[in-house]
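Beneath this line is the structure, given in structure tokens, with notes to follow.
The structure displayed is predicted, hence computed values, not measured ones. Quick note: residue numbers are just sequence positions, from 1.
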Amino acid sequence: QVQLVESGGGLVQAGGSLRLSCAASGRTFSSYVMGWFRQAPGKEREFVAAISWSGRNTVYADSVKGRFTISRENAKNTVYLQMNSLKPEDTAVYYCALINKNWLSTRIDEYDYWGQGTQVTVSS
């Protein structure tokens with residue numbers, strides 16, 4: 001079993017920044033993809049960003065390109081999401097997720113494990 005624990009959410013004014021962290025523990029395979037998703041009230045969960053095992057390959061939702069950066073530290077089994085120039089429409093619960101193989105994907109149904117989520121609120 002794999003456990004994912006997110007941290008770093010909070011309340012920030014529009015234009016501000018936050019950095020989310022997600023630590024993985026448990027029985028991960030030797031290489032795995034990690035991603036971030038978010039879900040706003042009344043909306044479906046949506047893809048935000050994902051990163052390959054090596055960190056050389058990343059993919060972003062159009063809505064966050066140029067503002068968010070995903071990165072990882074494999075020695076710490078941790079993935080980060082640096083969020084800059086935040087907008088009120090970025091307000092959501094942010095979830096960390098893991099695919100237990102080196103398969104970069106934007107699809108929710110391809111992720112094997114999920115964290116409990118962390119709230120990000122951006123005030124106008």
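- At a threshold of 4.5 Å between side-chain heavy atoms, the hydrophobic network of Ile, Leu, Val, Met, Phe, Trp and Tyr places Leu4 and Val93 in two separate groups.
- A chain of hydrophobic side-chain contacts below 4.5 Å, direct or via other Ile, Leu, Val, Met, Phe, Trp or Tyr residues, connects Trp36 to Val12.
- Here the OG atom belonging to Ser124 is positioned 14.0 Å from the NZ atom belonging to Lys87, to the nearest 0.5 angstrom.
- Atoms CD and CD, from Gln39 and Gln119 in turn, are 11.0 Å apart once rounded to the nearest 0.5 Å.
- Salt-bridge formation is detected for the pair Arg38/Asp90: a Lys NZ or Arg NE/NH1/NH2 atom is positioned less than 4.0 Å from an Asp or Glu carboxylate oxygen.
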(message) Set out, in order, the CA-CA distance, both residues' side-chain angles and the distance that settles side chain to side chain donor-acceptor pair (under 3.5 Å) for Glu6 and Thr118, then state yes or no.
(response) CA-CA 6 Å; Glu6 301 102 333; Thr118 186; over 6 Å; no
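- Residues Ile51 and Val79 meet the side-chain proximity criterion, which asks for heavy atoms closer than 4.5 Å.
- To the nearest 0.5 Å, atom CG of residue Leu20 and atom CD of residue Gln82 are 9.0 Å apart.
- Across Ala14 and Pro88, no two heavy atoms sit closer than the pair CB-CD, 4.1 Å.
- Rounding to the nearest 0.5 Å places CG of Leu104 at 13.0 Å from CE of Met34.
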(request) Quick one: do Asp112 and Val2 satisfy side-chain contact (heavy atoms from CB on, under 4.5 Å)? Show the steps, please. (result) CA-CA 9 Å; Asp112 301 306; Val2 174; over 6 Å; no
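- Checked by atom type and distance alone, the side chain of Thr91 pairs as donor or acceptor with a backbone atom of Val122 at under 3.5 Å.
- Distance check: Thr106 OG1 to Phe37 CZ gives 7.0 Å after rounding to the nearest 0.5 Å.
- The hydrophobic clustering, which links ILVMFWY residues whose side-chain heavy atoms are closer than 4.5 Å, places Leu81 and Ile99 apart.
- A distance of 6.0 Å separates OG of Ser52 from CG of Asn102, quoted to the nearest 0.5 Å.
- Sorted by first and then second residue, the ring-ring contact (aromatic ring centres under 6.0 Å, His included) pairs with a member in residues 61-101 form an empty list; sequence neighbours excluded.
- Inter-residue side-chain proximity for Trp114 and Cys96 is flagged as unmet; no heavy-atom pair is nearer than 4.5 Å.
- Tyr113 and Tyr111 sit in two unconnected hydrophobic clusters of ILVMFWY residues. Membership requires side-chain heavy atoms under 4.5 Å apart, directly or through other members.
- Taking 4.0 Å as the cut-off between side-chain N and carboxylate O, Lys65 and Asp62 count as a salt-bridged pair.
- With hydrophobic clusters built from ILVMFWY side chains whose heavy atoms lie under 4.5 angstrom apart, Val33 shares a cluster with Phe47.
- Judged by distance alone, with hydrogens and angles left aside, the side-chain atoms of Tyr60 form a donor-acceptor pair with the main-chain N or O of Ile70 at under 3.5 Å.
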